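Below is one structure, written out as structure tokens; comments come after it.
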Amino acid sequence: MFQAEVAAVSSERLTLLARKHGGGNFREEDQTRLDFLNARIQQLLPRVRPEDLRELERLELKLDQMEETVHKIRRKYGLSETG
């Protein structure tokens, strides 16, 4: 369902963009629809910002550090790694 909606929104959006930039008959209603489709595609496929990637890297590093701490505690007290 998700992929079908993305494909449908993208297809209609591309049609309107081609009409707008290709010199075709582009009406005010088309612009309104294009604005809606642009907003919808942003909801369906949000952009990942560089700050988002940096935050994910920071969280991954923190998780790695936490896992190492757990391993050290398990070794110190002779606990198995499987629980």
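All values reported here derive from a predicted model rather than from experimental measurement.
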Does the pair F36 and R33 meet the rule for a side chain to side chain contact (heavy atoms under 4.5 Å, CB included), with working shown? CA-CA 5 Å; F36 170 79; R33 182 68 181 159; 3.3 Å; yes
Determine, stepwise, if the pair F2 / L45 fulfils side chain to side chain contact (heavy atoms under 4.5 Å, CB included). CA-CA 10 Å; F2 173 77; L45 302 171; 4.0 Å; yes
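With respect to the salt-bridge test (charged N to carboxylate O, under 4.0 angstrom), the residues D30 and K20 do not qualify. In summary, R54 and E57 do not engage in a salt bridge, as defined by a charged side-chain N under 4.0 Å from a carboxylate O. In this structure, R75 pairs ionically with E68, as a charged nitrogen and a carboxylate oxygen lie closer than 4.0 Å. A salt bridge links D52 with R49: the distance from a Lys NZ or Arg NE/NH1/NH2 to an Asp or Glu carboxylate oxygen falls below 4.0 Å.
The backbone N or O of S80 lies less than 3.5 Å from a partner atom in the side chain of R74, making a donor-acceptor pair. With S10 contributing its side chain and V6 its backbone, the two residues share a donor-acceptor pair below 3.5 Å.
For E67, the CD atom is densely surrounded, since the number of other residues' heavy atoms within 6.0 Å is greater than 12. The local environment of CD in Q43 is crowded, with over 12 non-hydrogen atoms from other residues, nucleotides or ligands closer than 6.0 Å.
The distance from atom CG of L56 to atom CG of L61, rounded to the nearest 0.5 Å, is 12.5 Å. For the atom pair L63 CG and R58 CZ, the distance stands at 11.5 Å (nearest 0.5 Å). Atom CG of L16 and atom CG of L37 lie 6.0 Å apart (nearest 0.5 Å). Rounding to the nearest 0.5 Å gives a distance of 12.0 Å between CD of E55 and CD of E60. In this structure, the separation between CZ on R27 and CG on N25 is 6.0 Å, given to the nearest 0.5 Å.
Closest of all the heavy-atom pairs between V9 and I41 is CG1-CD1, 3.9 Å.
Q42 and N38 are not linked by any side-chain donor-acceptor pair at a separation below 3.5 angstrom, with hydrogens and angles left out of the test.
In this structure, the side chains of R13 and R40 stay at 4.5 Å or more apart for every pair of heavy atoms.
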